[in-house]
Structure formats: C-alpha cells, structure tokens
Amino acid sequence: MDLLLQYCLNGLMLGMMYALVAVGFTLFFGVLDVIVFSHGDTVMIGSFAGLATYWWLHSTYPGLPAGWAVLLVLLAAAATVALLGIIVADAMIVPLRKGPALNTLLATMMLGTVLRESIRLFFPDGSNPQTFPALLPGWSWRGGNLILRFDNLVLFCGGALIIFLVHMIINRTRLGMAIRAVAQDEEAARIMGVNFRFVVLATFALGSAVAAFAGVMNGMYYSEINFSVGLLLGAIGFSAAVIGGLGNIYGAILGGFIFAFLQTIGAVAIPFASAYKDVFAFGAVILIMAWRPTGLIAEPSSQRV
Amino acid sequence: MNPLLICTGLTMRFGGLTALDNLYLEAREGEVLGLVGPNGSGKTTLFNVLTGIYRPSAGKITFAGENITSGTPQEIHRRGIARTFQRSRLCLDLSVFDNIMIGNHTALRLDFFHNILRRRAFCRDYELWRDKAAEMLRALNPSLVSRMFRPVGDLSMIDRRRVENSRALVRRPRHPRLHDPSAGMTHDETRQLMDEITASRMGGDRLTVILIEHEMEVIRRSTSHCVVLNFGRKLCEGDYAGVVADPRVQEAYLGKELE
Amino acid sequence: MSRAAAIFSGPLGCILPAFLLLAWSGFFLTAEDQTSILLSLLSLAGFLLAAVRLGWVNILREAIAVQERLWDACLITIMLALMILFREDHYNLFLLGTIMAYATAVLGLNVQLGYAGVLNFSCASFFGVGGYTAALLLSGTDLPPLLALPLGGAVAALTGCVLLLPVLRTSGHYAALVTMAFALLFRVFLDVSEWFGGPQGIPVAPLTIAGLDFSQGILWGDAEFSFYLKYDLLLLLVLCLAYSITRRLERSWIGLALDAVRSDEVASACFGIHIRRWKITAFTLGNFLSGLAGALYAMMLAYISPANFTFADSLLFLSILLLGGIGNIQGVLVATVLVVIVPEKFQVIQEYRYLIYSALVLLMIVFRPVGLLPRKPRAYTGSPA
C-alpha cells in the first residue's frame, strides 16, 4: 500500500513537470498553429542555465542563503530561456508559418538537435550527466515505507503556482486577452489593433519561462541533468498536449498528468517488466489517438467547403 | 418533367445552429435550378449535404428514385452527381490534365497490374484520355491545350474555373452542381464562362444543374427556375422575374423598411 | 537554341555529366587527407553553383527527361564502375551499400509522404523491423535466406497495419504524434526486450543464395574482392527495382489518386476517390520498401542494435526526403548521397557533424523549403508532352 502511494506521489511530480512542458506546446499551437518540437530541449536548456547560474553564484557569493539562490537560479533560467524562445520565434517560426506545417515541425526538430548538440559540445563536460545541486533543505517525512520529501512538496506547489499564474495571465490580463484573440482569429485580432508580433513573442517568452521552471524542477527532482533529456521530454510534452487537445491549456495540464499516470501504471501494473513503462505509455497514447483523433477535449472541428 | 432530385424535410444542425430547416426542394430533369439567398442562408450547407460531406440531421434525399440520404461522397458521385466548390478546390500543384483526370477517377483503371506492370497498355489508355481532355479544353480555351501539363496554379482565375468545370463535367454526370462559378472574376469573364456552360449543356444530353450564384445577372440569364433560401428555409420559388419581385426576397436581401 | 545547347540536349547531355560525376565521386571517395576532401567538396559546390547560374541544370534535366533510359543506364554504370574501382576497399563499398539501402527506404517514405501525404515519423522503425525480422529468420529458421528479404518487407508492412487505424483517423499534427510515439516506443521496446537482444543488439547471419556465401570475399585470380561487393550488387538490384516501381507508380492513375488524396481530401472524396484505400496502399507499400531495405542493410551490417533505428534516424530519412525535394525520386538519390557520404568522409567535422548537419537542414527549410530538386508536374509517359 505504501509502495503504491509512493508511486502515486512520484507520478504526481512527473505529471506536474509534464504539464508545465505541455502548456508551452499548447500555447504556441494556440497562437501560431505550429508545433515547436524543440520545446523539450528548451526545458533542458533551462536546467543547464539554472546550473550555470548556480555555479556562478556559488563561486562569487558563497554565503548566499538558499532561498535567494533558488529564486535567482529560477529567474536567470527563465530569463535566458525566454530570450531564446523570443529569438527562435522571431527568426524561425514566424517566417516559416507561410509554408506547410510539416516544415515547421521538422525545422524545430532540427533546432532541437542543434540545441542538444550545442550543450553536449560547448557546455563544460556537457556530454556527461551533471550533478544538479540540492537547493532546498533535504527534510523528509517518513511513514512506514513512504517518504515524503520537503523539497518535492515545494516543487509541486511551485508548479501548481506557475500553472495558476499562467491561468491568471491568460484569463485576467490584457496580454492574455490578446493571446486568446490571436488564437481564435488572427486576422480579426490584427484588425482590432492587436500587435500580432508582440503577442507572439510574449507568448513564446511566457511558454519558455514556464519550461525553464520545468527544467530546474527536473534537475532538482532527479539531482542530475543530462543534455539528451530534451528529446523524450519534447515527445512527452507533445503527447500530453495532443492527448488533451491542441490549443487547450487545461487539456494540456490534464494530458501531462495522464501521461505520468500511464507511466506509473506501466511501472506498477506490469511488475515483471517495469522497463516497459514507456512502451506502455506511448502505446496508450497511440490508442487514445485512435479512439479520439483530436484529443480528449476536442475542439469542435470546422472545415469550410 | 420528372423531378430528378427531391429533398424532403432536410434539416442540418451544427450544435445550436440550424443551417437547414425542414427544407423541401426538387430539381427537375434537364433544368437549371438557381439557388439564391443572402450569406448564411444555407446554400453551401445544402450542397455539402447533397454530396455527402455532411450527414443530415433529419430528412431524406432521393435521386432518380433512389434514397441517397446517408451515402458517402464516393457513393453519391458514382450515381452521377458532380460538383464544383465555392472556393475552387483544385489541386494547384498538379497539372491541368491531372485535375481533370481526378474528376474522371471512377472511369480509370486502378489495379496495380495495369498501372505498374503493363506499361504499354497503360500508355495507350493514357493517350486516349489525354486526347479526350484536350478536346474538352479546346472547346473552352484553345490555349489551355498547350498548357495541359502545367500546374493549375499558373493559370488565371477564369482558366482555373474552366478546369474546375471540366473536372466536374468530364464524367458526363447527370447532375452537376456549380458553386459560385463567378467568384473572383469580372462581369465579362463570368458571362463568357456561363455561355460556355450553357453550350456544354446543349451538346448531347441535357444536364440537370443546380447553380449557386451571387451575380443576379447570371441567375437571370442561365436559370429556368429559382429557389430562394433564407435561414435554412425556402423563402419562395419560381422564375427569375417572379422571385425578384417578391417582397419577401427583397426584405431578406435588403432588410425590412422602418415603419 | 544555341549550338552548345543543341549538342547537350542529345546523348552527350547525359553521358558527359555522368562521366564527370563518376570522376568526381571516384576522386572524392579515394581522397584520404582532409584538405583534398575539403577542396573537392568546395569545387563541387562551386561547380554546382555555376551550373545553376548558367542554366546547365535545366539543360541536364531536359536531356534526362528526353532520354530517360540512357540516363538510367548512366547511373547504373556509375554505380558499377565505383564498385569495380573499390573492389578491395571494404569501407567505400560499405558506404555505397549504405547509400543504396537508405535510398530504398526513403523511396518508401516518398510514396507515403511525397505522394499520399501520409506522415511517417517512424520510417527508421520500419527499416528496423525489416532488419530484426531478417536477423531472427536467418538465425532461428531454416527458411531460404533470400526469403528473409521480402519477409522483412512484409513484416514491416504488417507492423504498419497496427498503426493504420490511428493514422487514418488523425491528420496533421495529431498524425505526426502517432508515428512519433511509435518510433519512441519501438526503440524503448528493443532496448528492454530480451528476445531482441536488448541494447547490445543481435548478430545477423550472412545471406547465402544457392550456396553462395555473402560473407566471403570473391576470389578473382590472385586478388580477393571485398564481400561487400556482393551485397552492393544485390542492393543495386533492389534499389533499381524500388526506383522503377515508385517511378511507374507516380506516372500512373494510382499516383494521380495518391496526389489527389494528399492535396485535397474533401474534393477527392467528391469525385469518388476512396481516401482510406489509397492511404492504406501508400502506407503499406512504403513500409514494405523500408522493411525490405532494412533487411538487406542488416545482413550487410552483420550486427544490429536498437541504436541503428532511433527516432533520430527517422528524422534523418525525413530530412533526406525534404532535402532532395519531396516527391522527386531523383532528388532522393542526390540527397541520400550527400547526407551519407559527406559526414563520413569529413573526419574534421565528425564530432560536430550532427550539429552542422541539423543546422544545415534547418537553414534549408527556412531558405529553400522546396528542396534541392523540386518535383515537376507528372509526365505519364516519361518525356514531357
């Protein structure tokens, strides 16, 4: 029983991480109708940016309190990745959207490889896994076999807070209104005076910043980061966004938790072969697509003839 | 004249929107039926329901005495119904000939044996159709024949419409439907195009045509009978003069006069 | 038409470029030091640029279109000449074999994506299904080894049928996800499955046809030719077959139906074209070709592991198609040669090759999305009407 609960807790953590990644996918799809597959690698860049910031902080201000360190690491990671997102959107994705959607998908996949390889080649010792520092106190609560770690709790709550903030930005601010307007009808939004380019870039900054948080969270959770996680994280984030129904933020969050749930089930339910958990999860994704071809929370399809 | 196509109680709902509301419509053999009505009155929806793209929420469609209500687009096409589209849906990167042959699909031999292995027989088959397509195009615009293997995207608007009409007519359907043939063209071009369509009807069998058109002039010149739709319902029907004079039609198009 | 153009529209227009191509590739493949490799690459790039500027490419394309058989013969001769030239050189013969296996797989992908517009992000997985099928059949059964080739294709096609339902029901990005998920699933599955040798992979027994052992060199007088020569000859045969089938397919009513399905499903349906039928045909045929190529490639490698068939490899196949120009099978050949050979020969960039390669494809997509050789409108009988 404790073991099951432990699996559930881990699953929740994973789900939160995936949800944060998927939110980016779905936001970008909302405003530009494109899949930015390199988003998974953006997450990876976020964790490396956080690590670099930590190294710098650690060597210049050795006595910095942990709370400040966490905050600064997060801010620096978010800022770096948001800037990256803006550059990518402006230089590549906006110009590409006149062509077929497949081209954007492929181009962003290539971009993902470029990011991954850049870290591998140019980050100090980037080809090996890097230890990510434990920035939060390592308290934990033990009940039987169940271990509840304090830092995981903080990360989970932080993730929930970020999602709540995104929700507020989308629904309660002028920027959010502009994003929703562009998502619904770009032409009309432009005519009504929405600055399209600004909205797109802001969306990319927002989605990438969220990804940076997911990256740092990833590092702190596993206490290790690796240049190659981006591909799988990208595929998982994309799956989550698609399961939920592209363009729907709540669907993406749901999709993230569903994917983590599937992985957990794969690990628990097939005890003789927990290594098959990803096979199980991706297989389930394929089945879900066969069952609901436009995601669980489907947009009403409209095709003009 | 017998009605070739009869719709009874045809209803199409999209969520809360009723695009067609208990519509009764008949098209008699050999006539050109003009379908008019303001934007959003359900003309396009009617076309899509008739060609099997949408499945109607209620009602029945009979074509030549057979029930075609829930047929797929493929089945309906096989019975001899062809159409054009409001925003001409040609395959712009394919050649003129390719596009016409898409309309001819059901007449083509599609087995692997014929297409891949017996190339010589295939080439004879191909030359036959090429000559036929060239003949069709020559009647419309001789300069199209020499451009038969150029992408449709290179053509002018009127030539694209010609190709689209050829695509709809190449199988000699009993019942073509033309959707907004004048969209994106000047008055003169429209007149020319409609004359061509009329001419193609004169040659041989008389086709039954349903025509959606926003140019009232085209409707006047080409149709023998008009149906006016509004809010998915039939407002009135009759010949052009009668329909235009009807105060309900004027109200639907121009709005009610303030009391 | 100028006199030069008139001369080059004849047989010389095919033979001379073919000869140049042969001379260049012979030099490039034998070049050992990095400077001469760089120089030959630069000279090729400069020559191609000049050719595009001066319109030679168009002259060549017309000459090819008019004398297709001659050009086909030229290409086959080039391949055979290179094989004879490198008869004792394992490495170069292996490269040639890789090119031909990849080109066959990409031809399959071209039927799917280039003609019918069915997205497939798991081409390398089907390539791998063929390879693993061959490995298991050759080691576990007494079937005639040659049968492993068509069976590799057939098993790949059957595996594809598992994906048919979601592939047919979804479109656009949703369809991309289905095949992408399959590619990732396949890789993980191979990694963890004991039966398929796990991450270390499994050996593949060599092919034997009528007592002829493909793992042995050929003795010719005093010289011993590399055993890869046999595989290369067989691969050339398979590639020619695949090429001819795809070309005939394109120039037929079937090719037309596939194109119609790709460009407008609704309009196609209204003219009686059965969307599902053609999507299934294209998907299955494409997977068959990929699996066939994979089976032969696995035999040539003699040892396969999951790392040969990753999602990154599927991306590689896709970018070959995109680089060459979607739907153009000649472009497939050109792009495969470039993508396989250049990084292999260019040891300086070996470490950076994925970086440079993906950056190049990225730039290509942004600045020339139609690829190197964009597809031309269909000419049913070969020569333009």
Side-chain angles (χ1 to χ4, degrees), chain A residues 29 33-35 37 91-92 95-96 98-118 120-122 231-232 234-236 238-239 241-243 245-246 273-295 303 305, chain C residues 113 117 119 121 162-194 198 265-267 270 310-312 315 318-319 321-322 326 351-367 369-370:
Chain A
F29 186 82
D33 278 345
V34 296
I35 289 297
F37 195 75
M92 200 179 106
L96 269 179
K98 296 275 169 273
L102 171 71
N103 283 8
T104 311
L105 187 58
L106 257 175
T108 52
M109 283 175 173
M110 291 299 150
L111 178 71
T113 317
V114 169
L115 294 178
R116 222 173 297 143
E117 287 290 300
S118 304
R120 182 174 78 85
L121 294 163
F122 305 125
L231 179 62
L232 196 64
I236 291 175
F238 183 22
S239 307
V242 167
I243 295 176
L246 283 170
S274 62
Y276 284 98
K277 70 178 184 354
D278 284 345
V279 177
F280 177 78
F282 281 115
V285 167
I286 294 177
L287 284 181
I288 291 176
M289 294 321 294
W291 172 48
R292 298 294 292 265
T294 50
Q303 193 183 22
V305 181
Chain C
L113 182 61
L119 275 174
F121 280 91
V162 176
L163 287 185
L164 268 182
L165 184 67
V167 162
L168 288 177
R169 290 196 62 181
T170 52
S171 63
H173 293 108
Y174 295 91
L177 177 71
V178 170
T179 48
M180 199 182 290
F182 179 73
L184 294 165
L185 176 157
F186 181 74
R187 166 72 205 273
V188 180
F189 175 74
L190 289 182
D191 257 340
V192 294
S193 152
E194 292 294 318
E265 289 189 20
V266 173
C270 287
T310 60
F311 180 61
L315 275 189
L318 258 177
S319 28
L321 188 59
L322 214 74
I326 286 190
E351 178 73 354
Y352 298 90
R353 68 178 175 171
Y354 281 114
L355 181 66
I356 293 176
Y357 166 68
S358 34
L360 278 180
V361 176
L362 186 59
L363 291 175
M364 179 93 187
I365 297 172
V366 175
F367 292 109
V370 287

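Quick note on labels: first sequence line is chain A, next is B, and so on, each numbered from 1. Fair warning: this is a prediction, and the values are worked out from it, not measured in the lab.
C:Tyr352 is listed as a side-chain neighbour of A:Leu121, based on a closest heavy-atom distance under 4.5 Å. Here the side chains of C:Leu177 and C:Phe121 are not in contact, with every heavy-atom distance at 4.5 Å or above. Using a 4.5 Å heavy-atom threshold, the side chains of C:Phe182 and A:Phe282 count as separate. Considering only heavy atoms from C-beta on, A:Leu232 comes within 4.5 Å of A:Asp278 through its side chain. Side-chain contact check for C:Ile326 versus C:Val370: every heavy-atom pair is 4.5 Å or farther apart. Looking only at side-chain heavy atoms (C-beta outward), C:Arg187 and C:Phe311 stay at 4.5 Å or farther from each other.
For A:Leu287, no part lies near chain C; criterion is any non-hydrogen pair under 4.5 Å. Interface residue C:Leu322: only side-chain heavy atoms are found under 4.5 Å from chain A. Of the two parts of A:Ile35, the backbone and the side chain both hold a non-hydrogen atom closer than 4.5 Å to a non-hydrogen atom of chain C. In this structure, chain A has no heavy atom under 4.5 Å from any part of C:Phe186. Contacts of A:Thr104 with chain C are absent, with no heavy-atom separation under 4.5 Å from either backbone or side chain. Heavy-atom distances place both the backbone and the side chain of A:Ile286 under 4.5 Å from chain C. For A:Arg120, the part sitting under 4.5 Å from any heavy atom of chain C is the side chain, from C-beta outward, and nothing else. Residue contact with chain C, scored on non-hydrogen atoms closer than 4.5 Å, involves the backbone and the side chain of A:Leu111 alike. Only the side chain of A:Leu102 comes within contact range of chain C, judged by heavy atoms closer than 4.5 Å. If you measure heavy-atom distances from C:Thr179 to chain A, you find no contacts under 4.5 Å at all. Only the side chain of C:Leu119 comes within contact range of chain A, with heavy atoms under 4.5 Å apart. When heavy atoms are compared at a cutoff of 4.5 Å, C:Leu168 does not approach chain A at all. Using a 4.5 Å cut-off between heavy atoms, C:Leu113 touches chain A through its side chain atoms alone. Contacts between A:Val285 and chain C at a heavy-atom distance below 4.5 Å involve the side chain alone, from C-beta outward. For A:Met92, the part lying near chain C is the side chain, with the backbone staying farther off; criterion is any non-hydrogen pair under 4.5 Å.
Side-chain contact, C:Tyr357 with A:Thr113: no donor N or O sits under 3.5 Å from an acceptor N or O.
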Might you work through the side-chain contact (heavy atoms from CB on, under 4.5 Å) test for A:Phe122 and A:Glu117, ending with a clear yes or no?
CA-CA 8 Å; A:Phe122 305 125; A:Glu117 287 290 300; over 6 Å; no

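Ring-plane geometry between A:Tyr276 and C:Phe189 is classed as tilted, the angle between the planes lying from 30 to 60 degrees on a 0 to 90 degree scale.
Using modelled atom types, one side-chain atom of C:Arg169 and one backbone atom of A:Ala290 make a donor-acceptor pair closer than 3.5 Å.
Among C:Leu315, C:Val361, C:Val178, the residue making the largest number of heavy-atom pairs under 4.5 Å with chain A is C:Leu315.
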